[in-house]
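What follows is a short report on a single structure.
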Amino acid sequence: HTIGHAVEALSGYALLHGEAISIGMALEADLAERLGVAESGTAARVRQALRAAGLPVARPPEMPAERIVEATKSDKKARRGVTEYSLPRRIGAMAGESSGWSVRVEDASVRDVLS
């Protein structure tokens, strides 16, 4: 969702909110798997459901990863220079229950998933 808000803003709001959030959900599910937060296969299931709904799931190629990472810093979940993300553990369950339903993620990990 955080990545989706960044993508939406960087598009100049040309992307519909749902389209941008779809992209963010797909990328954050990938991020969750890479970090070991989500069960294996979660990202594929999220992307499959989003595609079935006719929604985009990939970073727009005209948006450099670094610009997206920088845009996340203005999200409401950015605290003290580190952005927090809403990451799935599996379909129907989110990580971060002990921290307000968000997980602190270093920029390098986000850049990796955006590349």
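Positions are given from 1 along the sequence. Computed from a predicted structure; not experimentally measured. Just so it is clear, the values below take in all heavy atoms, side chains as well, and ignore hydrogens, waters and symmetry mates.
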Under the side-chain hydrogen bond (donor to acceptor under 3.5 Å, both in side chains) criterion, do Glu28 and His1 qualify, and how do the steps go?
CA-CA 7 Å; Glu28 288 180 37; His1 211 107; over 6 Å; no
Between His5 and Ile21, does the side chain to side chain contact (heavy atoms under 4.5 Å, CB included) criterion hold? Intermediate values first, please.
CA-CA 7 Å; His5 285 154; Ile21 296 306; 3.5 Å; yes
Would you sort out whether Asp107 and Lys73 count as a side chain to side chain contact (heavy atoms under 4.5 Å, CB included), showing the intermediate values?
CA-CA 10 Å; Asp107 291 347; Lys73 296 187 182 314; 2.6 Å; yes
Evaluate the side chain to side chain contact (heavy atoms under 4.5 Å, CB included) criterion for residues Leu15 and Leu10: first the C-alpha distance (whole Å), next the side-chain angles of each, then the deciding distance (0.1 Å), finally the verdict.
CA-CA 9 Å; Leu15 282 172; Leu10 289 172; over 6 Å; no
Take Leu55 and Met25, measure what side chain to side chain contact (heavy atoms under 4.5 Å, CB included) needs, and give me the verdict at the end.
CA-CA 11 Å; Leu55 293 166; Met25 288 172 61; over 6 Å; no
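For CD of Glu70, the number of neighbouring non-hydrogen atoms (other residues, nucleotides, ligands) closer than 6.0 Å is greater than 12. Within a 6.0 Å sphere centred on CD of Gln48, other residues, nucleotides and ligands contribute 12 heavy atoms or fewer. Heavy-atom contacts from other residues, nucleotides or ligands closer than 6.0 Å to CZ of Arg111 number more than 12.
Contact check for Ile91 versus Val46: side-chain heavy atoms found under the 4.5 Å cut-off. By the 4.5 Å heavy-atom criterion applied to side chains, Arg59 and Val7 are not counted as neighbours. Here the side chains of Leu114 and Pro64 are not in contact, with every heavy-atom distance at 4.5 Å or above. Taking 4.5 Å as the limit, some side-chain heavy atom of Ile68 sits within range of a side-chain heavy atom of Met63. In this structure, Met94 and Ser86 have side chains that are in contact, with non-hydrogen atoms separated by less than 4.5 Å.
To the nearest 0.5 Å, atom OG1 of residue Thr2 and atom CG of residue Leu27 are 12.0 Å apart. Atom-to-atom distance recorded for Leu35:CG and Asp112:CG is 9.5 Å, nearest 0.5 angstrom.
Formation of a donor-acceptor pair under 3.5 Å by the Glu33 side chain with backbone atoms of Gly41 is found in this model. The backbone N or O of Val105 lies less than 3.5 Å from no partner atom in the side chain of Ser109, so there is not a single donor-acceptor pair. Side-chain atoms of Glu84 never come within 3.5 Å of backbone atoms of Val103 as a donor-acceptor pair (strictly under, hydrogens ignored).
Pairing each heavy atom of Pro88 with each of Ala29, the nearest pair is CG-CA, 4.0 Å. Annotation for Ser22 and Pro56: closest pair OG-O, 2.6 Å, computed over non-hydrogen atoms.
We find that Glu39 and Arg89 are not joined by a salt bridge, their nearest charged nitrogen and carboxylate oxygen being 4.0 Å or further apart.
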